[in-house]
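No experiment lies behind these values; they were computed from the predicted model shown. Letters go in sequence order (proteins before strands), and every chain restarts at 1.
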There are 2 protein chains.
Amino acid sequence: MAQPDTKQRILDAAESLFARDGFHSTSLRAITGLARVNLAAVNYHFGSKEALIEAVFERRLLPLNEIRLKKLRQVGALAEQVGARPDPKEVLRAFIAPTLQFRDTCPGSHDFITLVGRALNEPDETVRTMFIERIRPVFLLLFDLLHQGLPELDRSLLFWRLQFALGAMGHVMCRAGRFQSLPDGIEPPRDTEALIGMFLDFVTAGMEAP
Amino acid sequence: MAQPDTKQRILDAAESLFARDGFHSTSLRAITGLARVNLAAVNYHFGSKEALIEAVFERRLLPLNEIRLKKLRQVGALAEQVGARPDPKEVLRAFIAPTLQFRDTCPGSHDFITLVGRALNEPDETVRTMFIERIRPVFLLLFDLLHQGLPELDRSLLFWRLQFALGAMGHVMCRAGRFQSLPDGIEPPRDTEALIGMFLDFVTAGMEAP
DNA sequence: GTCTATAGATTGATAGAC
DNA sequence: GTCTATCAATCTATAGAC
């Protein structure tokens, strides 16, 4: 391997450009140009553009899902120990905080969060389905714990409220750090923790609404 | 005009395909094929693909914005008459209800709502900017009335909560009626009014969160 | 206004030398 | 594994006949 990091370089460049321009608008030439590797390298290492998109998600989503599952299980276990229902806010935090923190904790994952937001609204059915498949176990556990925490809430209603929350979250992630000009007197969140706090207040209140 | 409705046919076809596949993935050939008009007709009638995208938004957004502005002003005027603050839920309803109802009330606008949701997360800066410019007046009035209704809430916090709400709304609109398979035991909203009610409960609680 | 034909650029993918 | 060269398909846009 003359360039042992060719695959990494391609993944980094693809992640960055997919986040900025979307999947379909980003050409392999743009990716290999930014990564400073040969055009043919993408098909050699990944097989196709579609497979590259999958690989970009795979690289970050596997560790992120591990963290989210772990945190969610902790919240569930803690509630069981005390014999209480899981606190909806803590359940939501276990899902949301690692996701939004990911850009700080995982080196080079800055653009990935934008990408996740983008995948949720992706027109291309195959890309969106691929993404949703990978999230499903986390979503199911999240839904289950929220249902335990809010047992009086109709399951269908809970499901739709969770869809609203995920939509809001996708938008936040997609546009995070990309508000070019804010209106007069509007302050951006101090840091990620401040954003998480703001978002959790909003979404918890929404989920617990009468 | 041998085919007096050529422009309309193109607009209808473009609206439908943009909603299904996104702006960049929809070719002029697909549009003119569906509209059963000649390929060159798009450039003759609209000048360019970019201008066609604008025209698609223009056609629906002008009347929709009129309705939303009227309703918002009504809520503001009513509150002023009674000498009370505008009720946040009614303010939000004045913005949200006409938007979600639009697919029922405006003939042929079924796909447009999906399109609005799509525009919010559009990677292409020019498309998103074009869209945001056109709803700015509505957004400003909405923000102002909410600020009157929740004067104790920091303006920056209000702004970000409103962003969360718009993100959730975009997601709802984008995916409305496009959930191919729901999980077991999950019921879709009975009708648009039921969806509006669910969404308003969620979003009002989020905006009013402590 | 509608059509055919085509320019001119860009795309994903691959064959084959090294 | 990396490179050059290129294919075949696609795209937007336009020129010019009718």
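Not a single side-chain hydrogen bond (donor to acceptor under 3.5 Å, both in side chains) links Arg73(A) to another residue, sequence neighbours left out. Residues forming a side-chain contact (heavy atoms from CB on, under 4.5 Å) with Glu208(B) (at least two apart in sequence, or on another chain): Pro88(B), Leu150(B), Thr204(B). Under the rule for a ring-ring contact (aromatic ring centres under 6.0 Å, His included), the partners of Phe164(B) that lie at least two apart in sequence or sit in another chain are Phe199(A), Phe202(A). Residues satisfying the salt bridge (Lys or Arg N to Asp or Glu O under 4.0 Å) test with Glu58(A), not counting sequence neighbours, are Arg134(A). The salt bridge (Lys or Arg N to Asp or Glu O under 4.0 Å) check on Lys89(B) picks up Asp201(B), with sequence neighbours excluded.
Cation-pi geometry between Lys7(B) and Phe46(B) is satisfied (NZ or CZ under 6.0 Å from the ring centre, within 45° of the ring normal).
Regarding Phe46(B), its CZ atom lies at a distance of 13 Å from the P atom of dA13(D), rounded to whole Å. Atoms CD1 (Ile31(B)) and P (dC11(D)) sit 11 Å apart, rounded to a whole Å. A straight line from CD1 of Ile10(B) to P of dG1(C) spans 12 Å, rounded to a whole angstrom. When rounded to the nearest whole Å, the span between CZ of Arg36(A) and P of dC3(D) equals 12 Å. Across the protein-nucleic acid pair, His45(A) atom NE2 and dT14(C) atom C1' stand 15 Å apart, rounded to whole Å. When rounded to the nearest whole Å, the span between CG of Asp21(B) and C1' of dC11(D) equals 15 Å. Rounded to a whole Å, the CG atom of Asn38(B) is 11 Å from the P atom of dA5(C).
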Could I get a table of every N or O pair under 3.5 Å where one atom is in the protein and the other is in nucleotides 15-18 of chain C?
none

Polar-atom pairs under 3.5 Å, protein N or O versus N or O of nucleotides 10-12 of chain C: list them with distances, or write none.
| residue | atom | partner | partner atom | Å |
| --- | --- | --- | --- | --- |
| dT11(C) | OP1 | Ser27(A) | OG | 3.3 |
| dG12(C) | OP1 | Lys49(A) | NZ | 2.9 |
| dG12(C) | OP2 | Leu28(A) | N | 2.9 |
| dG12(C) | N7 | Arg29(A) | NH1 | 3.0 |
| dG12(C) | O6 | Arg29(A) | NH2 | 3.1 |

List the atom pairs, donor and acceptor, that lie under 3.5 Å between side-chain atoms in residues 139-149 of chain A and the rest of the protein, sequence neighbours left out.
| residue | atom | partner | partner atom | Å |
| --- | --- | --- | --- | --- |
| Asp144(A) | OD2 | Gln148(A) | NE2 | 3.3 |

Under 3.5 Å, sequence neighbours excluded: what are the donor-acceptor pairs made by side chains of residues 108-116 of chain A?
| residue | atom | partner | partner atom | Å |
| --- | --- | --- | --- | --- |
| Ser109(A) | OG | Phe102(A) | O | 2.8 |
| Ser109(A) | OG | Cys106(A) | O | 2.8 |
| His110(A) | ND1 | Arg103(A) | NH2 | 3.3 |
| His110(A) | NE2 | Arg103(A) | NH2 | 3.2 |
| Asp111(A) | OD1 | Arg178(A) | NH2 | 3.4 |
| Thr114(A) | OG1 | Arg178(A) | NE | 3.3 |
| Thr114(A) | OG1 | Arg178(A) | NH2 | 3.4 |

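Between Tyr44(A) and Tyr44(B), the residue whose closest nucleotide on DNA chain C is further toward the 5' end is Tyr44(B).
Remark: Thr6(A) is in phosphate contact with dT2(D), judged by side-chain N or O atoms under 4.0 Å from OP1 or OP2.
Nearest heavy-atom pair, Met207(A) versus Ala165(A), reported as atom, atom and distance to 0.1 Å: SD-CB, 4.5 Å.
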